[in-house]
Asks: 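Below is the structure I would like to discuss, written out as structure tokens.
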Amino acid sequence: MKSLAEALERIKEQLNESSINCDICAQGKQHTHAVSRCIECAEYLCDTCDKCHGRMRSTKSHKRVKLTGDTEKDSKIAIDSLVQRNIDCTEHNDQPLKFYCKTDKTIVCRDCCITDHSGHSCVKIEDVAKEELRNVSALVGLAIQRKDLLDKQLKNSDDLTGTTEQKLQTLLSSIKSDRRAMISELDRYFNKLERDAKEVHNNTLKQIKSQRSDLELQRGVTESTLLHLTSVQKHG
């Protein structure tokens with residue numbers, strides 16, 4: 001009996017093939033088109049092998065499904081059949097693993113429960129699966145609650161980010177407004193200083209020009225007097 005890993009690997013390979021061949025005939029290097037699949041053996045069967053499979057004592061109770069001829073659909077059938085098939089015990093041939101040993105935490109068959117796991121707490125796999133599904137459901141519920149809480153916290157974070165960004169823009173706008181007001185005030189102050197400096201300069205120039213005019217007038221009078229005196233001195 002093939003393991004689940006081997007069966008899945010085989011299915012992956014067949015997804016890339018144009019048709020599915022009989023696994024039994026392939027062992028004899030023959031390539032015969034498969035018409036069915038045995039769920040228990042996880043093998044594809046041609047028409048001849050399918051009929052033999054149904055007559056043999058060891059396999060006639062196996063469930064077989066007909067293939068459709070569509071590779072994609074048949075591959076899906078193969079994958080679905082893996083879920084339905086029984087897995088035989090490696091210690092006891094033809095004994096499916098249908099029990100779970102809680103003591104050793106392993107899957108066992110009926111004979112294992114009587115021999116190696118005698119006295120252990122062995123229950124049906126279905127019961128364990130139902131219990132685990134309840135646990136999984138509870139975990140899913142907790143995960144959903146956790147996700148909702150995280151989503152809410154993320155939304156709050158987004159809202160806080162938006163509020164912080166809005167506050168920043170308001171602050172920057174206020175700073176720009178204050179800057180413009182201060183620049184305007186500084187402009188008025190320094191413009192006044194410039195006007196005052198120019199006014200002082202102009203007044204100073206006026207005083208200098210006035211003093212110069214007086215000096216030039218005095219020099220003219222002095223030069224005229226000097227000429228007159230020089231003439232008197234010369235001619236007596």
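We count residues from 1, following the sequence as given. Both backbone and side-chain heavy atoms feed into the values below; hydrogens, waters and symmetry mates do not.
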Asks: Give, for atom CD1 of Ile144 and atom CG of Asp151, the distance between the pair rounded to the nearest 0.5 Å.
Replies: 11.5 Å
Asks: Can any side-chain N or O of Ser213 pair as donor or acceptor with the backbone N or O of Lys209 at less than 3.5 Å?
Replies: yes
Asks: Please step through side-chain contact (heavy atoms from CB on, under 4.5 Å) for the pair Cys41 and His53, ending with a clear verdict.
Replies: CA-CA 10 Å; Cys41 299; His53 218 68; 3.5 Å; yes
Asks: Drop me the distance from Cys113's SG to Lys98's NZ, to the nearest 0.5 angstrom.
Replies: 12.5 Å
Asks: Starting at CG of Leu154, measure out to CG of Leu149 and round the result to the nearest 0.5 Å.
Replies: 9.5 Å
Asks: How many angstroms lie between CD in Gln233 and CG in Leu226, if you round to the nearest 0.5 Å?
Replies: 9.5 Å
Asks: Do side-chain atoms of Thr222 reach the backbone of Gln218 as a donor and acceptor pair under 3.5 angstrom?
Replies: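 Checking the backbone N and O of Gln218 against the side chain of Thr222, a donor-acceptor pair under 3.5 Å is found.
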Asks: Would you name the heavy atoms of Cys46 and Thr32 that are closest together and state the gap between them?
Replies: CB-CG2, 3.5 Å
Asks: Who passes side chain to side chain donor-acceptor pair (under 3.5 Å) against Asp214, sequence neighbours left out?
Replies: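 Checked Asp214 against side chain to side chain donor-acceptor pair (under 3.5 Å); zero matches.
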Asks: Counting only N and O atoms by type, is there a donor-acceptor contact under 3.5 Å from the side chain of Thr225 to the main-chain atoms of Val221?
Replies: yes
Asks: Only pairs under 3.5 Å count here: list side-chain donor-acceptor contacts from residues 155-162, not counting sequence neighbours, and write none if there are none.
Replies:
from	atom 1	to	atom 2	distance (Å)
Lys155	NZ	Asp159	OD2	3.1
Asn156	ND2	Lys152	O	3.4
Thr161	OG1	Ser157	O	2.8

Asks: Can you check side chain to side chain donor-acceptor pair (under 3.5 Å) on Gln211 and Gln207, steps first, answer last?
Replies: CA-CA 6 Å; Gln211 290 175 358; Gln207 290 177 1; 5.3 Å; no
Asks: Between atom CD of Glu43 and atom SG of Cys25, what is the distance when rounded to the nearest 0.5 Å?
Replies: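 Between atom CD of Glu43 and atom SG of Cys25 there are 11.0 Å.
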Asks: Taking transitive links into account, so neighbours of neighbours count too, which hydrophobic residues share a cluster with Phe99 at under 4.5 Å side-chain distance?
Replies: Val108
Asks: Begin with the C-alpha distance, continue with both residues' side-chain angles, and end with the deciding distance and a verdict on side-chain contact (heavy atoms from CB on, under 4.5 Å) for Asp23 and Leu45.
Replies: CA-CA 6 Å; Asp23 289 323; Leu45 306 172; over 6 Å; no
Asks: So, Thr204 side chain and Val200 main chain: donor-acceptor pair closer than 3.5 Å or not?
Replies: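 Yes, the answer is positive, given that a donor and an acceptor are paired below the 3.5 Å cut-off.
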Asks: Run the numbers on Glu199 and Asn202 for side-chain contact (heavy atoms from CB on, under 4.5 Å), then give the verdict.
Replies: CA-CA 5 Å; Glu199 184 177 354; Asn202 291 334; 5.6 Å; no
Asks: Begin with the C-alpha distance, continue with both residues' side-chain angles, and end with the deciding distance and a verdict on side-chain contact (heavy atoms from CB on, under 4.5 Å) for Cys112 and His92.
Replies: CA-CA 8 Å; Cys112 287; His92 306 96; 3.5 Å; yes
Asks: In a table with atom names and distances, give each donor-acceptor pair under 3.5 Å that connects a side chain of residues 120-132 to protein atoms at least two apart or in another chain.
Replies:
from	atom 1	to	atom 2	distance (Å)
His120	ND1	Asp104	OD2	3.2
His120	ND1	His117	ND1	3.4

Asks: Can you establish whether the number of heavy atoms outside Glu216 located under 6.0 Å from its atom CD is more than 12?
Replies: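 For Glu216, atom CD is crowded (more than 12 foreign heavy atoms under 6.0 Å).
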Asks: Working to the nearest 0.5 Å, report the span between CG of Asp116 and SG of Cys109.
Replies: 9.0 Å
Asks: Could you pull out all donor-acceptor pairs under 3.5 Å where a side-chain atom in residues 177-189 meets a protein atom, sequence neighbours excluded?
Replies:
from	atom 1	to	atom 2	distance (Å)
Ser184	OG	Arg188	NH1	2.9
Glu185	OE1	Arg188	NH2	2.3

Asks: Under the salt bridge (Lys or Arg N to Asp or Glu O under 4.0 Å) definition, can you give me all pairs with a residue in residues 48-59, not counting sequence neighbours?
Replies: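 As it turns out, the salt bridge (Lys or Arg N to Asp or Glu O under 4.0 Å) pairs with a partner in residues 48-59, which skip direct neighbours, are Asp47-Lys51, Asp50-Arg64, Asp50-Lys66.
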